[in-house]
Asks: 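Dumping the structure here so I can ask a few things about it.
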Protein chains: 2
Amino acid sequence: MKDLHIPFYLRLRDKLAGDIERSVLQHHAKLPSERELSKAYDLNRVTVRQALMQLESEGLIYRLIRRGWYVSPPRLFYDPSKNISFMDNVRAQGHVPETIILSKSELVASVWTNRTMGIELGAPVHLLRRCRMIDGRAVLVEHIHVNAKLCPGLLELPLDCSLTALLREHYGIRISRTRVNMYPAPLNGDQAAELNVVAGAPGLFLTRTSYDQNDQVVEFDQEFWRHDIIEIALEVVNNAVDSE
Amino acid sequence: MKDLHIPFYLRLRDKLAGDIERSVLQHHAKLPSERELSKAYDLNRVTVRQALMQLESEGLIYRLIRRGWYVSPPRLFYDPSKNISFMDNVRAQGHVPETIILSKSELVASVWTNRTMGIELGAPVHLLRRCRMIDGRAVLVEHIHVNAKLCPGLLELPLDCSLTALLREHYGIRISRTRVNMYPAPLNGDQAAELNVVAGAPGLFLTRTSYDQNDQVVEFDQEFWRHDIIEIALEVVNNAVDSE
DNA sequence: GAGTGGTCTAGACCACTTC
DNA sequence: AAGTGGTCTAGACCACTCC
(Lines give C-alpha, C1' and ligand atoms only; values in the text may rest on other atoms or scores of the structure.)
Protein backbone atom coordinates (compact mmCIF):
# COMPACT_ATOMS: atom_id res chain seq x y z
CA MET A 1 0.00 0.00 0.00
CA LYS A 2 1.52 3.27 -1.17
CA ASP A 3 1.36 6.56 0.66
CA LEU A 4 -1.50 8.60 -0.79
CA HIS A 5 -1.30 11.53 1.60
CA ILE A 6 -0.57 14.81 -0.16
CA PRO A 7 2.05 16.73 1.81
CA PHE A 8 1.22 20.23 2.99
CA TYR A 9 3.93 21.87 0.93
CA LEU A 10 2.41 20.47 -2.27
CA ARG A 11 -1.08 21.61 -1.30
CA LEU A 12 0.20 25.13 -0.80
CA ARG A 13 2.05 24.83 -4.11
CA ASP A 14 -1.21 23.87 -5.85
CA LYS A 15 -3.10 26.73 -4.26
CA LEU A 16 -0.52 29.30 -5.37
CA ALA A 17 -0.09 27.73 -8.81
CA GLY A 18 -3.85 28.01 -9.25
CA ASP A 19 -3.80 31.67 -8.27
CA ILE A 20 -1.08 32.29 -10.82
CA GLU A 21 -2.83 30.39 -13.60
CA ARG A 22 -6.10 32.18 -12.97
CA SER A 23 -4.15 35.44 -13.03
CA VAL A 24 -5.18 36.31 -9.48
CA LEU A 25 -1.46 37.02 -9.34
CA GLN A 26 -0.09 38.94 -12.33
CA HIS A 27 3.34 38.68 -13.94
CA HIS A 28 6.03 40.19 -11.73
CA ALA A 29 3.52 40.60 -8.89
CA LYS A 30 4.96 40.10 -5.42
CA LEU A 31 3.71 37.22 -3.30
CA PRO A 32 2.93 37.68 0.40
CA SER A 33 5.95 37.27 2.67
CA GLU A 34 6.93 33.82 3.89
CA ARG A 35 5.81 34.67 7.40
CA GLU A 36 2.45 35.92 6.16
CA LEU A 37 1.88 32.74 4.16
CA SER A 38 3.00 30.76 7.18
CA LYS A 39 0.34 32.45 9.32
CA ALA A 40 -2.37 32.39 6.67
CA TYR A 41 -2.09 28.68 5.99
CA ASP A 42 -1.00 27.67 9.49
CA LEU A 43 2.22 26.05 8.31
CA ASN A 44 5.77 26.28 9.48
CA ARG A 45 7.93 28.69 7.56
CA VAL A 46 10.20 25.84 6.44
CA THR A 47 7.20 24.15 4.86
CA VAL A 48 6.11 27.36 3.16
CA ARG A 49 9.60 27.71 1.73
CA GLN A 50 9.44 24.16 0.45
CA ALA A 51 6.32 25.09 -1.52
CA LEU A 52 7.90 28.29 -2.82
CA MET A 53 11.08 26.53 -3.91
CA GLN A 54 8.97 23.95 -5.70
CA LEU A 55 7.18 26.70 -7.63
CA GLU A 56 10.54 28.30 -8.34
CA SER A 57 11.90 25.09 -9.81
CA GLU A 58 8.82 24.89 -12.03
CA GLY A 59 9.52 28.38 -13.30
CA LEU A 60 6.23 29.78 -12.00
CA ILE A 61 7.81 32.19 -9.55
CA TYR A 62 11.24 33.70 -9.04
CA ARG A 63 12.88 35.47 -6.17
CA LEU A 64 14.88 38.60 -5.62
CA ILE A 65 17.27 37.76 -2.83
CA ARG A 66 16.10 38.99 0.53
CA ARG A 67 13.38 40.98 -1.17
CA GLY A 68 10.69 38.46 -1.91
CA TRP A 69 8.99 36.12 -4.36
CA TYR A 70 7.46 37.22 -7.65
CA VAL A 71 5.37 35.71 -10.43
CA SER A 72 7.38 34.73 -13.51
CA PRO A 73 6.60 36.09 -16.98
CA PRO A 74 6.36 33.73 -19.99
CA ARG A 75 9.53 32.10 -21.34
CA LEU A 76 11.66 33.30 -24.22
CA PHE A 77 11.88 30.88 -27.12
CA TYR A 78 15.36 30.01 -28.24
CA ASP A 79 16.30 27.96 -31.30
CA PRO A 80 19.85 26.67 -30.91
CA SER A 81 19.89 25.40 -34.48
CA LYS A 82 19.61 28.93 -35.83
CA ASN A 83 22.09 31.74 -35.64
CA ILE A 84 19.92 34.46 -34.29
CA SER A 85 21.62 36.80 -31.88
CA PHE A 86 20.27 37.25 -28.38
CA MET A 87 19.43 40.87 -29.13
CA ASP A 88 17.46 40.03 -32.27
CA ASN A 89 15.71 37.09 -30.68
CA VAL A 90 14.51 39.07 -27.69
CA ARG A 91 13.35 41.95 -29.86
CA ALA A 92 11.54 39.58 -32.21
CA GLN A 93 9.49 38.36 -29.26
CA GLY A 94 8.48 41.84 -28.25
CA HIS A 95 10.87 42.48 -25.39
CA VAL A 96 13.73 44.86 -24.71
CA PRO A 97 17.22 43.31 -24.65
CA GLU A 98 20.31 44.83 -23.10
CA THR A 99 23.95 43.82 -22.75
CA ILE A 100 26.28 44.79 -19.95
CA ILE A 101 30.03 44.25 -20.03
CA LEU A 102 31.09 42.77 -16.71
CA SER A 103 34.80 42.50 -17.44
CA LYS A 104 37.28 42.07 -20.25
CA SER A 105 40.79 40.75 -19.88
CA GLU A 106 43.73 39.15 -21.62
CA LEU A 107 44.64 35.63 -20.54
CA VAL A 108 47.22 33.07 -21.41
CA ALA A 109 46.01 29.67 -22.59
CA SER A 110 45.81 27.13 -19.77
CA VAL A 111 45.67 23.36 -20.01
CA TRP A 112 41.89 23.61 -19.96
CA THR A 113 41.85 26.24 -22.73
CA ASN A 114 44.17 24.05 -24.72
CA ARG A 115 41.86 21.10 -24.36
CA THR A 116 38.62 22.90 -25.13
CA MET A 117 39.82 25.32 -27.78
CA GLY A 118 42.97 23.72 -29.13
CA ILE A 119 45.00 26.85 -28.41
CA GLU A 120 48.66 26.20 -27.67
CA LEU A 121 49.71 26.63 -24.05
CA GLY A 122 50.67 30.19 -23.24
CA ALA A 123 49.12 31.76 -26.33
CA PRO A 124 46.94 34.84 -25.71
CA VAL A 125 43.21 34.52 -25.10
CA HIS A 126 40.60 37.24 -24.76
CA LEU A 127 38.13 36.74 -21.94
CA LEU A 128 34.95 38.74 -22.04
CA ARG A 129 32.24 38.48 -19.41
CA ARG A 130 28.84 39.92 -20.18
CA CYS A 131 25.42 39.98 -18.60
CA ARG A 132 22.29 39.96 -20.74
CA MET A 133 18.99 41.44 -19.69
CA ILE A 134 15.40 41.19 -20.85
CA ASP A 135 13.10 44.08 -19.95
CA GLY A 136 15.62 45.24 -17.40
CA ARG A 137 15.99 41.85 -15.73
CA ALA A 138 19.29 39.94 -15.78
CA VAL A 139 18.71 36.55 -17.39
CA LEU A 140 22.12 35.17 -18.27
CA VAL A 141 25.82 35.60 -17.67
CA GLU A 142 28.31 34.60 -20.34
CA HIS A 143 32.04 33.98 -20.35
CA ILE A 144 33.45 34.32 -23.83
CA HIS A 145 36.92 33.04 -24.65
CA VAL A 146 38.32 34.14 -28.00
CA ASN A 147 41.54 33.02 -29.67
CA ALA A 148 43.39 36.34 -29.47
CA LYS A 149 45.90 35.49 -32.16
CA LEU A 150 43.11 35.62 -34.71
CA CYS A 151 41.77 38.97 -33.60
CA PRO A 152 44.25 41.20 -31.76
CA GLY A 153 42.68 44.30 -30.26
CA LEU A 154 39.19 42.83 -30.21
CA LEU A 155 38.58 44.04 -26.68
CA GLU A 156 39.03 47.66 -27.76
CA LEU A 157 35.99 47.47 -30.03
CA PRO A 158 32.41 48.04 -28.84
CA LEU A 159 31.50 44.73 -27.22
CA ASP A 160 27.89 45.19 -26.33
CA CYS A 161 26.55 43.74 -29.56
CA SER A 162 27.15 40.70 -31.72
CA LEU A 163 30.69 39.35 -31.48
CA THR A 164 30.27 37.30 -34.62
CA ALA A 165 29.63 40.51 -36.53
CA LEU A 166 32.77 42.09 -35.09
CA LEU A 167 34.89 39.09 -36.02
CA ARG A 168 33.57 39.14 -39.55
CA GLU A 169 33.74 42.85 -40.17
CA HIS A 170 37.05 43.64 -38.49
CA TYR A 171 39.01 40.44 -38.96
CA GLY A 172 37.38 38.68 -41.89
CA ILE A 173 36.65 35.66 -39.72
CA ARG A 174 33.60 33.65 -40.66
CA ILE A 175 32.10 31.12 -38.29
CA SER A 176 31.56 28.00 -40.35
CA ARG A 177 30.03 25.81 -37.68
CA THR A 178 29.10 25.99 -34.03
CA ARG A 179 28.77 23.23 -31.50
CA VAL A 180 26.10 23.82 -28.87
CA ASN A 181 25.91 21.82 -25.64
CA MET A 182 23.58 22.32 -22.71
CA TYR A 183 22.15 20.76 -19.61
CA PRO A 184 20.30 21.91 -16.51
CA ALA A 185 22.66 22.90 -13.72
CA PRO A 186 22.51 25.22 -10.72
CA LEU A 187 24.02 28.69 -10.78
CA ASN A 188 27.10 29.05 -8.63
CA GLY A 189 27.89 31.91 -6.30
CA ASP A 190 29.35 34.33 -8.85
CA GLN A 191 26.80 33.84 -11.59
CA ALA A 192 24.02 33.84 -9.03
CA ALA A 193 25.17 37.19 -7.68
CA GLU A 194 25.13 38.75 -11.17
CA LEU A 195 21.66 37.36 -11.82
CA ASN A 196 20.40 38.44 -8.43
CA VAL A 197 19.42 34.92 -7.44
CA VAL A 198 20.51 32.77 -4.54
CA ALA A 199 23.59 30.57 -5.01
CA GLY A 200 22.55 27.13 -6.17
CA ALA A 201 19.35 28.27 -7.86
CA PRO A 202 18.43 26.19 -10.89
CA GLY A 203 19.89 27.24 -14.21
CA LEU A 204 20.68 26.10 -17.69
CA PHE A 205 24.31 25.73 -18.61
CA LEU A 206 25.01 26.21 -22.30
CA THR A 207 28.28 26.19 -24.19
CA ARG A 208 28.92 27.29 -27.73
CA THR A 209 32.11 26.36 -29.57
CA SER A 210 32.56 28.24 -32.84
CA TYR A 211 34.90 27.16 -35.62
CA ASP A 212 36.19 29.27 -38.49
CA GLN A 213 36.76 28.41 -42.17
CA ASN A 214 39.91 26.48 -41.23
CA ASP A 215 38.11 24.50 -38.55
CA GLN A 216 39.96 26.29 -35.81
CA VAL A 217 38.13 27.21 -32.64
CA VAL A 218 37.68 30.96 -32.66
CA GLU A 219 35.35 31.38 -29.75
CA PHE A 220 34.26 29.33 -26.77
CA ASP A 221 31.25 30.71 -24.99
CA GLN A 222 29.83 29.56 -21.65
CA GLU A 223 26.35 30.79 -20.87
CA PHE A 224 24.66 30.54 -17.51
CA TRP A 225 20.92 31.06 -17.89
CA ARG A 226 18.24 31.38 -15.29
CA HIS A 227 16.30 28.17 -15.81
CA ASP A 228 12.89 29.80 -15.94
CA ILE A 229 13.70 32.19 -18.76
CA ILE A 230 13.95 30.03 -21.83
CA GLU A 231 12.28 27.29 -23.73
CA ILE A 232 14.41 25.53 -26.28
CA ALA A 233 12.47 25.16 -29.53
CA LEU A 234 13.71 23.79 -32.80
CA GLU A 235 12.42 22.14 -35.90
CA VAL A 236 13.89 19.07 -37.50
CA VAL A 237 13.28 18.46 -41.18
CA ASN A 238 13.52 14.83 -42.15
CA ASN A 239 15.30 13.69 -45.22
CA ALA A 240 15.25 10.20 -46.67
CA VAL A 241 15.63 7.44 -44.04
CA ASP A 242 14.74 7.98 -40.43
CA SER A 243 13.88 5.96 -37.38
CA GLU A 244 12.06 6.45 -34.07
CA MET B 1 29.79 44.94 2.43
CA LYS B 2 28.57 41.61 1.13
CA ASP B 3 28.31 38.41 3.12
CA LEU B 4 31.41 36.34 2.49
CA HIS B 5 30.65 33.53 4.90
CA ILE B 6 30.32 30.17 3.18
CA PRO B 7 27.32 28.33 4.57
CA PHE B 8 27.84 24.88 6.05
CA TYR B 9 25.68 23.14 3.48
CA LEU B 10 27.92 24.42 0.67
CA ARG B 11 31.06 23.34 2.49
CA LEU B 12 29.70 19.83 2.83
CA ARG B 13 28.68 19.98 -0.83
CA ASP B 14 32.25 20.89 -1.81
CA LYS B 15 33.69 18.10 0.30
CA LEU B 16 31.43 15.48 -1.26
CA ALA B 17 31.85 16.90 -4.77
CA GLY B 18 35.59 16.62 -4.30
CA ASP B 19 35.30 13.00 -3.20
CA ILE B 20 33.25 12.27 -6.30
CA GLU B 21 35.61 14.05 -8.66
CA ARG B 22 38.65 12.31 -7.21
CA SER B 23 36.75 9.03 -7.58
CA VAL B 24 36.91 8.33 -3.86
CA LEU B 25 33.26 7.60 -4.57
CA GLN B 26 32.62 5.56 -7.70
CA HIS B 27 29.65 5.71 -10.08
CA HIS B 28 26.52 4.27 -8.49
CA ALA B 29 28.30 4.02 -5.14
CA LYS B 30 26.07 4.65 -2.14
CA LEU B 31 26.80 7.62 0.09
CA PRO B 32 26.70 7.34 3.89
CA SER B 33 23.23 7.82 5.36
CA GLU B 34 22.00 11.31 6.17
CA ARG B 35 22.26 10.60 9.88
CA GLU B 36 25.81 9.33 9.52
CA LEU B 37 26.84 12.43 7.57
CA SER B 38 25.04 14.52 10.15
CA LYS B 39 27.11 12.95 12.91
CA ALA B 40 30.40 12.90 10.98
CA TYR B 41 30.29 16.60 10.09
CA ASP B 42 28.43 17.74 13.19
CA LEU B 43 25.58 19.28 11.23
CA ASN B 44 21.85 19.07 11.56
CA ARG B 45 20.20 16.58 9.25
CA VAL B 46 18.27 19.36 7.52
CA THR B 47 21.57 21.01 6.65
CA VAL B 48 23.00 17.73 5.39
CA ARG B 49 19.94 17.29 3.18
CA GLN B 50 20.42 20.80 1.82
CA ALA B 51 23.91 19.80 0.69
CA LEU B 52 22.67 16.54 -0.82
CA MET B 53 19.85 18.24 -2.69
CA GLN B 54 22.33 20.75 -4.03
CA LEU B 55 24.50 17.94 -5.38
CA GLU B 56 21.40 16.30 -6.80
CA SER B 57 20.46 19.44 -8.68
CA GLU B 58 23.97 19.53 -10.12
CA GLY B 59 23.55 16.00 -11.36
CA LEU B 60 26.44 14.68 -9.27
CA ILE B 61 24.33 12.36 -7.15
CA TYR B 62 20.86 10.86 -7.39
CA ARG B 63 18.57 9.19 -4.92
CA LEU B 64 16.50 6.07 -4.71
CA ILE B 65 13.52 7.01 -2.61
CA ARG B 66 13.85 5.93 0.98
CA ARG B 67 16.92 3.90 0.05
CA GLY B 68 19.70 6.41 -0.14
CA TRP B 69 21.93 8.66 -2.22
CA TYR B 70 24.18 7.43 -5.01
CA VAL B 71 26.88 8.82 -7.28
CA SER B 72 25.66 9.66 -10.79
CA PRO B 73 27.21 8.14 -13.91
CA PRO B 74 28.15 10.38 -16.89
CA ARG B 75 25.40 11.91 -19.02
CA LEU B 76 23.98 10.58 -22.26
CA PHE B 77 24.46 12.88 -25.24
CA TYR B 78 21.34 13.69 -27.17
CA ASP B 79 21.15 15.59 -30.44
CA PRO B 80 17.61 16.87 -30.96
CA SER B 81 18.41 17.97 -34.49
CA LYS B 82 18.98 14.40 -35.59
CA ASN B 83 16.50 11.60 -35.85
CA ILE B 84 18.29 8.94 -33.90
CA SER B 85 16.06 6.69 -31.87
CA PHE B 86 16.57 6.40 -28.14
CA MET B 87 17.56 2.75 -28.52
CA ASP B 88 20.20 3.48 -31.15
CA ASN B 89 21.54 6.49 -29.32
CA VAL B 90 22.01 4.65 -26.04
CA ARG B 91 23.63 1.68 -27.76
CA ALA B 92 25.95 3.97 -29.73
CA GLN B 93 27.24 5.33 -26.44
CA GLY B 94 28.00 1.91 -25.06
CA HIS B 95 25.00 1.37 -22.82
CA VAL B 96 22.05 -0.99 -22.72
CA PRO B 97 18.66 0.54 -23.54
CA GLU B 98 15.29 -0.92 -22.68
CA THR B 99 11.66 0.07 -23.23
CA ILE B 100 8.74 -0.79 -21.01
CA ILE B 101 5.11 -0.29 -21.97
CA LEU B 102 3.32 1.32 -19.05
CA SER B 103 -0.12 1.54 -20.64
CA LYS B 104 -1.89 1.84 -23.94
CA SER B 105 -5.37 3.15 -24.46
CA GLU B 106 -7.81 4.65 -26.90
CA LEU B 107 -8.94 8.21 -26.21
CA VAL B 108 -11.25 10.72 -27.76
CA ALA B 109 -9.78 14.06 -28.77
CA SER B 110 -10.21 16.74 -26.11
CA VAL B 111 -10.02 20.49 -26.47
CA TRP B 112 -6.37 20.27 -25.53
CA THR B 113 -5.69 17.53 -28.11
CA ASN B 114 -7.46 19.62 -30.67
CA ARG B 115 -5.29 22.60 -29.91
CA THR B 116 -1.97 20.78 -29.84
CA MET B 117 -2.55 18.25 -32.59
CA GLY B 118 -5.29 19.76 -34.69
CA ILE B 119 -7.43 16.64 -34.31
CA GLU B 120 -11.17 17.29 -34.48
CA LEU B 121 -13.03 17.03 -31.18
CA GLY B 122 -14.17 13.49 -30.44
CA ALA B 123 -11.94 11.81 -33.03
CA PRO B 124 -9.98 8.77 -31.82
CA VAL B 125 -6.49 9.15 -30.36
CA HIS B 126 -4.04 6.46 -29.32
CA LEU B 127 -2.30 7.09 -26.02
CA LEU B 128 0.82 5.11 -25.30
CA ARG B 129 2.85 5.50 -22.12
CA ARG B 130 6.31 4.05 -22.01
CA CYS B 131 9.29 4.08 -19.70
CA ARG B 132 12.82 4.02 -21.05
CA MET B 133 15.79 2.61 -19.21
CA ILE B 134 19.55 2.84 -19.50
CA ASP B 135 21.57 0.01 -17.98
CA GLY B 136 18.52 -1.05 -16.02
CA ARG B 137 17.78 2.39 -14.64
CA ALA B 138 14.59 4.28 -15.54
CA VAL B 139 15.55 7.60 -17.12
CA LEU B 140 12.45 8.92 -18.83
CA VAL B 141 8.69 8.50 -19.08
CA GLU B 142 6.89 9.36 -22.29
CA HIS B 143 3.28 9.96 -23.19
CA ILE B 144 2.71 9.46 -26.88
CA HIS B 145 -0.48 10.69 -28.54
CA VAL B 146 -1.08 9.44 -32.07
CA ASN B 147 -3.81 10.46 -34.49
CA ALA B 148 -5.66 7.12 -34.59
CA LYS B 149 -7.51 7.86 -37.80
CA LEU B 150 -4.19 7.62 -39.64
CA CYS B 151 -3.15 4.33 -38.10
CA PRO B 152 -6.00 2.17 -36.78
CA GLY B 153 -4.83 -0.86 -34.83
CA LEU B 154 -1.45 0.64 -34.04
CA LEU B 155 -1.68 -0.42 -30.42
CA GLU B 156 -1.87 -4.09 -31.41
CA LEU B 157 1.61 -3.96 -32.92
CA PRO B 158 4.82 -4.45 -30.92
CA LEU B 159 5.35 -1.08 -29.27
CA ASP B 160 8.66 -1.48 -27.54
CA CYS B 161 10.71 -0.17 -30.43
CA SER B 162 10.63 2.78 -32.82
CA LEU B 163 7.13 4.14 -33.45
CA THR B 164 8.28 6.02 -36.51
CA ALA B 165 9.34 2.75 -38.08
CA LEU B 166 5.94 1.22 -37.33
CA LEU B 167 4.10 4.16 -38.85
CA ARG B 168 6.19 3.96 -41.98
CA GLU B 169 6.16 0.21 -42.47
CA HIS B 170 2.54 -0.52 -41.57
CA TYR B 171 0.77 2.66 -42.61
CA GLY B 172 3.04 4.28 -45.14
CA ILE B 173 3.24 7.39 -43.00
CA ARG B 174 6.45 9.38 -43.29
CA ILE B 175 7.38 12.03 -40.78
CA SER B 176 8.39 15.07 -42.78
CA ARG B 177 9.28 17.37 -39.93
CA THR B 178 9.33 17.36 -36.16
CA ARG B 179 9.09 20.23 -33.75
CA VAL B 180 11.07 19.77 -30.54
CA ASN B 181 10.53 21.92 -27.45
CA MET B 182 12.10 21.57 -24.05
CA TYR B 183 12.76 23.25 -20.77
CA PRO B 184 13.87 22.27 -17.27
CA ALA B 185 10.92 21.38 -15.05
CA PRO B 186 10.35 19.19 -12.01
CA LEU B 187 8.89 15.71 -12.26
CA ASN B 188 5.38 15.44 -10.87
CA GLY B 189 4.08 12.67 -8.69
CA ASP B 190 3.22 10.14 -11.39
CA GLN B 191 6.33 10.51 -13.48
CA ALA B 192 8.44 10.64 -10.35
CA ALA B 193 6.99 7.34 -9.16
CA GLU B 194 7.85 5.64 -12.47
CA LEU B 195 11.36 7.03 -12.36
CA ASN B 196 11.78 6.10 -8.73
CA VAL B 197 12.53 9.65 -7.68
CA VAL B 198 10.82 11.91 -5.23
CA ALA B 199 7.96 14.09 -6.48
CA GLY B 200 9.24 17.49 -7.51
CA ALA B 201 12.73 16.28 -8.37
CA PRO B 202 14.36 18.22 -11.17
CA GLY B 203 13.71 17.03 -14.69
CA LEU B 204 13.75 18.02 -18.31
CA PHE B 205 10.43 18.32 -20.07
CA LEU B 206 10.60 17.69 -23.80
CA THR B 207 7.86 17.59 -26.40
CA ARG B 208 8.05 16.36 -29.93
CA THR B 209 5.39 17.19 -32.50
CA SER B 210 5.68 15.16 -35.69
CA TYR B 211 4.05 16.08 -39.00
CA ASP B 212 3.45 13.85 -42.00
CA GLN B 213 3.75 14.55 -45.73
CA ASN B 214 0.47 16.51 -45.64
CA ASP B 215 1.62 18.60 -42.71
CA GLN B 216 -0.83 16.92 -40.40
CA VAL B 217 0.22 16.15 -36.83
CA VAL B 218 0.64 12.40 -36.58
CA GLU B 219 2.23 12.14 -33.20
CA PHE B 220 2.63 14.32 -30.15
CA ASP B 221 5.13 13.04 -27.65
CA GLN B 222 5.76 14.34 -24.14
CA GLU B 223 8.95 13.15 -22.52
CA PHE B 224 9.82 13.57 -18.86
CA TRP B 225 13.53 13.04 -18.36
CA ARG B 226 15.55 12.85 -15.20
CA HIS B 227 17.56 16.06 -15.39
CA ASP B 228 20.90 14.43 -14.64
CA ILE B 229 20.75 11.92 -17.47
CA ILE B 230 21.23 13.95 -20.61
CA GLU B 231 23.31 16.60 -22.18
CA ILE B 232 21.84 18.24 -25.24
CA ALA B 233 24.47 18.49 -27.96
CA LEU B 234 24.04 19.71 -31.48
CA GLU B 235 26.01 21.20 -34.28
CA VAL B 236 24.97 24.19 -36.33
CA VAL B 237 26.41 24.66 -39.77
CA ASN B 238 26.42 28.24 -40.93
CA ASN B 239 25.43 29.24 -44.39
CA ALA B 240 25.79 32.68 -45.93
CA VAL B 241 24.87 35.51 -43.56
CA ASP B 242 24.91 35.09 -39.83
CA SER B 243 25.14 37.19 -36.71
CA GLU B 244 26.16 36.74 -33.05
C1' DG C 1 12.63 -4.61 13.96
C1' DA C 2 16.21 -1.56 12.73
C1' DG C 3 17.42 1.77 9.58
C1' DT C 4 16.37 4.89 5.78
C1' DG C 5 14.72 8.96 3.77
C1' DG C 6 10.28 12.27 3.59
C1' DT C 7 7.88 15.57 6.03
C1' DC C 8 7.03 18.81 9.63
C1' DT C 9 7.30 21.86 13.93
C1' DA C 10 8.89 25.78 16.83
C1' DG C 11 11.99 28.08 17.62
C1' DA C 12 16.70 31.03 16.61
C1' DC C 13 20.25 34.38 14.63
C1' DC C 14 22.01 36.73 10.75
C1' DA C 15 22.63 39.88 6.55
C1' DC C 16 20.29 42.56 3.93
C1' DT C 17 16.37 45.70 2.09
C1' DT C 18 13.08 49.13 2.90
C1' DC C 19 11.47 53.01 5.13
C1' DA D 1 14.03 50.21 13.18
C1' DA D 2 11.14 46.93 11.13
C1' DG D 3 10.65 43.50 7.91
C1' DT D 4 12.50 40.21 4.61
C1' DG D 5 14.58 36.09 3.18
C1' DG D 6 18.93 32.79 4.19
C1' DT D 7 20.67 29.61 7.27
C1' DC D 8 20.59 26.52 11.08
C1' DT D 9 19.29 23.62 15.30
C1' DA D 10 17.06 19.83 17.89
C1' DG D 11 13.86 17.55 18.03
C1' DA D 12 9.52 14.56 16.07
C1' DC D 13 6.54 11.09 13.45
C1' DC D 14 5.74 8.56 9.39
C1' DA D 15 6.07 5.23 5.30
C1' DC D 16 8.93 2.49 3.45
C1' DT D 17 13.17 -0.71 2.61
C1' DC D 18 16.19 -4.13 4.18
C1' DC D 19 17.20 -8.01 6.69
Side-chain angles (χ1 to χ4, degrees), chain A residues 1-14 16 29-57 61-71 186-189 192-202, chain B residues 1-14 16 29-57 61-71 186-189 192-202:
Chain A
M1 180 68 173
K2 290 282 174 184
D3 184 7
L4 294 178
H5 173 73
I6 296 174
F8 293 142
Y9 80 92
L10 286 182
R11 294 187 207 184
L12 176 54
R13 185 226 85 99
D14 290 345
L16 294 173
K30 188 177 189 305
L31 272 64
S33 80
E34 296 178 0
R35 285 169 177 86
E36 279 176 57
L37 289 170
S38 169
K39 202 175 297 176
Y41 294 95
D42 195 25
L43 294 170
N44 187 277
R45 208 181 121 213
V46 174
T47 309
V48 168
R49 279 175 65 80
Q50 221 181 332
L52 293 172
M53 289 190 289
Q54 179 63 28
L55 287 163
E56 178 192 44
S57 74
I61 65 175
Y62 63 95
R63 47 180 150 178
L64 298 181
I65 21 175
R66 274 177 244 272
R67 275 192 273 178
W69 300 85
Y70 299 81
V71 178
L187 301 164
N188 77 22
E194 307 286 3
L195 296 176
N196 197 19
V197 302
V198 67
Chain B
M1 179 69 172
K2 290 281 172 183
D3 184 8
L4 295 177
H5 174 73
I6 296 174
F8 293 142
Y9 80 93
L10 285 182
R11 294 187 208 185
L12 176 54
R13 184 227 87 99
D14 291 345
L16 295 173
K30 188 176 188 308
L31 271 66
S33 79
E34 296 179 359
R35 286 169 176 85
E36 280 177 57
L37 289 170
S38 170
K39 203 175 297 178
Y41 294 97
D42 195 26
L43 294 170
N44 187 276
R45 208 181 121 213
V46 174
T47 309
V48 169
R49 280 174 66 79
Q50 221 181 333
L52 293 172
M53 291 190 287
Q54 179 63 28
L55 287 163
E56 178 192 45
S57 74
I61 66 176
Y62 64 94
R63 48 179 150 178
L64 297 181
I65 22 175
R66 273 177 245 272
R67 275 192 273 179
W69 299 86
Y70 300 81
V71 178
L187 301 163
N188 77 22
E194 307 286 5
L195 296 176
N196 195 19
V197 302
V198 67

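Quick note on labels: first sequence line is chain A, next is B, and so on, each numbered from 1.
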Asks: Walk along nucleotides 1-9 of chain D from 5' to 3' and tag each nucleotide B, S or - by protein heavy-atom contact under 4.0 Å, base first, then sugar-phosphate.
Replies: ---BBBBSB

Asks: Minimum heavy-atom separation for A:P202 to A:S57, with atom names?
Replies: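 What the structure gives for the nearest pair is CG-CA, 4.5 Å.
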
Asks: Tell me the closest heavy-atom pair linking B:A51 and B:Y9, and the distance in Å.
Replies: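 Heavy-atom minimum between the residues: CB-O, 3.2 Å.
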
Asks: Can you tell me if NZ on B:K39 sees more than 12 non-hydrogen neighbours from other groups inside 6.0 Å?
Replies: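 Atom NZ in B:K39 is not crowded, with 12 or fewer foreign heavy atoms closer than 6.0 Å.
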
Asks: Out of curiosity, B:T47 OG1 to B:L52 CG, how far, rounded to the nearest 0.5 Å?
Replies: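 These two atoms lie 11.0 Å from each other.
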
Asks: Looking at residues at least two apart in the chain, or sitting in another chain, which of them share a side chain to side chain donor-acceptor pair (under 3.5 Å) with B:Q50?
Replies: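 By the side chain to side chain donor-acceptor pair (under 3.5 Å) rule, B:Q50 matches no residue at all.
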
